[in-house]
Amino acid sequence: MLNNDYILQMKELLQGEYNEYIDRLEDIPYAGLRINTNRITQERFKEIFPYALEKSPFADNGYYIQKESGLGYHALHMAGFFYLQEPSASAAVTILDVKKGKTVLDLCAAPGSKSTQILEKLGHSGLLV
């Protein structure tokens, strides 16, 4: 339930687009996931994953998924085959352009989504601190 003051403010700000905004609030939100290519290939993951994926522009192995909650309890997530990560967050590692054999210092390593992405790029070589 939306706060009445908020509703009035949004009606004023959005004017003719307000009803569309309210309709979008009912949509199932998009989430992001990144396939852990240290554990499974993208091709194999897509074969066994039961939900539709849409490619994210932010990471080679990143995808959007439109699914209600519960992905964190999925067996493939528990087995480490994918990581739930906001798609735009994966852009930092893509821009960093990690190469095999390099040393990377991750100063923002919690909860670990970018760290696991860096490890994938290092490909069992180099060092992540």
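Note that the coordinates shown come from a computational prediction; the quantities given were computed from them, not determined experimentally.
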- Message: For S56 versus P87, what's the shortest heavy-atom pair and its separation?
- Response: OG-CB, 3.7 Å
- L128 side chain reached by D106 side chain, heavy atoms, under 4.5 Å: yes
- Query: Would you say the side chain of H77 lies within less than 4.5 Å of the side chain of L71, judging by non-hydrogen atoms?
  - Reply: no
- Query: Do I40 and I48 have side chains that get closer than 4.5 Å, going by heavy atoms?
  - Reply: yes
- Message: Is the ring pair Y6/Y21 parallel, tilted or perpendicular, if the boundaries are 30 and 60 degrees?
- Response: tilted
- Item | K11 atom NZ, over 12 foreign heavy atoms within 6.0 Å | no
- Query: Where is the tightest heavy-atom contact between Q42 and T37, given as atom of each residue plus distance?
  - Reply: CG-CG2, 4.1 Å
- Task: Hey, can you tell me if F49 and Y51 have their rings parallel, tilted or perpendicular (30° and 60° cut-offs)?
- Result: perpendicular
- Message: Nearest 0.5 angstrom please: N36 CG to F45 CZ, how far?
- Response: 10.0 Å
- Task: Side-chain contact test, heavy atoms from C-beta onward, threshold under 4.5 Å: evaluate it for L33 versus L53 and give yes or no.
- Result: yes
- Query: Do Y83 and S90 come close enough that some side-chain heavy atom pair is under 4.5 Å?
  - Reply: no
- Message: To check you understand the geometry: which heavy-atom pair defines the closest contact between T41 and R44, and what is its length?
- Response: OG1-N, 3.0 Å
- Item | Same apolar cluster (I L V M F W Y, side chains within < 4.5 Å links), V98/L107 | no
- Message: Working to the nearest 0.5 angstrom, can you tell me the gap between L96 CG and K102 NZ?
- Response: 11.0 Å
- Note on the structure: So OG1 of T103 and CG of L122: to nearest 0.5 Å the spacing works out to 8.5 Å
- Take atom CD in E47; do more than 12 heavy atoms of anything else shown fall under 6.0 Å from it? yes
- Non-hydrogen atoms of R39 and A79 that approach each other most closely: NH1-O, 2.9 Å
- Task: Considering non-hydrogen atoms only, spot the tightest contact between G62 and K55 and give its length.
- Result: O-NZ, 3.2 Å
- Single hit among E54, K46, Q85 for side chain to side chain donor-acceptor pair (under 3.5 Å) with Y63: K46
- Are the side chains of I7 and Y18 in touch, meaning some heavy atoms are under 4.5 Å apart? yes
- Query: Under a 4.5 Å side-chain heavy-atom rule over Ile, Leu, Val, Met, Phe, Trp and Tyr, are F82 and Y73 clustered together?
  - Reply: no
- Note on the structure: Heavy atoms of A89 and K114 approach each other most closely as O-CE, 3.4 Å
- Task: Any chance you could measure L127, atom CG, to L119, atom CG, to the nearest 0.5 Å?
- Result: 9.5 Å
- Query: Which distance, rounded to the nearest 0.5 Å, do you find between the CG of L8 and the CE of M10?
  - Reply: 11.5 Å
- Item | Exceeds 12 heavy-atom contacts within 6.0 angstrom, atom CD of E17 | no
- Note on the structure: residues 117-129 vs salt bridge (charged side-chain N to carboxylate O under 4.0 Å, His left out), sequence neighbours excluded, gives R34-E120, D60-K121
- Hey, is the main chain of F58 close enough, under 3.5 Å, to the side chain of T94 for a donor-acceptor pair? yes
